[in-house]
Amino acid sequence: MSVYVGIDVHRKRSQIAVVDHDGAVQVNRNVPNGVETVLSVIGDLPIGAPVAFEAAYGWGWLVELLEDYGFEPHLVHPLRCKAIASARLKNDKVDAATLAQLLRADLLPEAWIAPLQVRQQRALLRHRCQLVRLRTLLRNRVHAVLADYSCERSGSYFTAPGRLRLDGPARTTTPNAAAQAYDRVLDWFGRFVDRGGQGG
């Protein structure tokens with residue numbers, strides 16, 4: 001017997017609906033996110049059973065779980081899923097069942113699910129971009145602290161000569177002490193940014 005699964009994914013819990021080939025809802029349960037809890041609802045379904053879920057916050061773990069256990073994941077484009085967006089009655093049970101019904105009727109507006117390696121590379125790139133933004137924020141803060149005390153800026157404080165100015169005779173003054181504190185954090189950040197956002 002063919003079954004279709006719709007999952008309304010949230011940060012901590014997810015609503016899981018299972019419908020049969022006639023559209024009858026077999027299960028509609030709310031469970032905490034996790035391998036054991038999700039499998040407690042869909043673990044006995046046939047291998048290859050299709051599962052639909054929206055591209056919501058933190059859906060990567062669900063794709064990996066479904067792929068690892070032989071299910072067929074279908075990522076739904078949330079902005080194009082008009083049946084859910086325009087529904088008069090909106091709650092998690094209805095949304096999960098609607099996803100399953102749209103999957104059964106082959107009416108899902110799907111988004112591409114990148115392979116695991118691509119998803120991991122994307123996550124690493126996002127992580128590095130965030131670190132670069134934080135580094136820029138810290139550098140701007142150093143310049144702002146020194147500007148508050150009318151310190152002369154004749155170039156970057158992040159070159160070898162600029163760092164000598166920060167470590168110079170005035171290093172115990174308020175602006176230099178504050179700037180040095182930020183600079184130490186920047187050194188630490190730099191090690192991660194230069195390695196592409198990876199620790200170690």
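Numbers for residues simply follow the sequence, beginning at 1. It should be emphasised that the depicted structure is a prediction, and the values quoted were computed from it without experimental measurement.
- With hydrophobic clusters built from ILVMFWY side chains whose heavy atoms lie under 4.5 angstrom apart, V27 shares a cluster with V35.
- Applying the side-chain hydrogen bond (donor to acceptor under 3.5 Å, both in side chains) test to pairs two or more places apart or on separate chains, those with a residue in residues 99-114 are H74-E110, Q101-R104.
- W59 and L116 sit in two unconnected hydrophobic clusters of ILVMFWY residues. Membership requires side-chain heavy atoms under 4.5 Å apart, directly or through other members.
- Residues passing the salt bridge (Lys or Arg N to Asp or Glu O under 4.0 Å) test with R119, sequence neighbours excluded: E67.
- Looking only at distances, no side-chain donor or acceptor of T37 sits under 3.5 Å from a matching main-chain atom of V31.
- Rounded to the nearest 0.5 Å, atoms CG (L125) and CD (Q130) are 11.5 Å apart.
- The nearest pair of heavy atoms linking A52 to V76 is CB-CG2, 4.1 Å.
- Nearest approach of P46 to F71, heavy atoms of both residues: O-CE2, 4.1 Å.
- From Q15, atom CD reaches atom CG of D95 across 9.0 Å, with rounding to the nearest 0.5 Å.
- Under the 4.5 Å side-chain heavy-atom criterion for ILVMFWY residues, no single connected hydrophobic cluster contains both V51 and I47.
- Closest non-hydrogen pair, V19 versus A100, comes out as CG2-CB, 3.8 Å.
- Judged purely by atom type and a 3.5 angstrom limit, N91 uses its side chain to pair as donor or acceptor with the backbone of K93.
- The nearest pair of heavy atoms linking G6 to L99 is CA-CB, 3.9 Å.
- Distance check, rounded to the nearest 0.5 Å: CG of N33 to CG of L62 gives 8.0 Å.
- In the hydrophobic clustering of ILVMFWY residues, with side-chain heavy atoms under 4.5 Å counting as a link, L39 and I7 come out together.
- Y69 places none of its side-chain heavy atoms less than 4.5 Å from the side chain of V38.
- To the nearest 0.5 angstrom, L107 atom CG is 6.0 Å from L102 atom CG.
- In this structure, CD on E72 lies 10.0 Å from OH on Y4, to the nearest 0.5 angstrom.
- Taking both residues in full, the closest heavy atoms of V63 and F53 are given as CG2-CZ, 3.4 Å, listed atom of the first, atom of the second, then distance.
- Residue pairs meeting the salt bridge (charged side-chain N to carboxylate O under 4.0 Å, His left out) criterion with at least one member in residues 23-52, sequence neighbours excluded, do not occur.
- Closest heavy-atom contact between S14 and V9: OG-CA, 3.4 Å.
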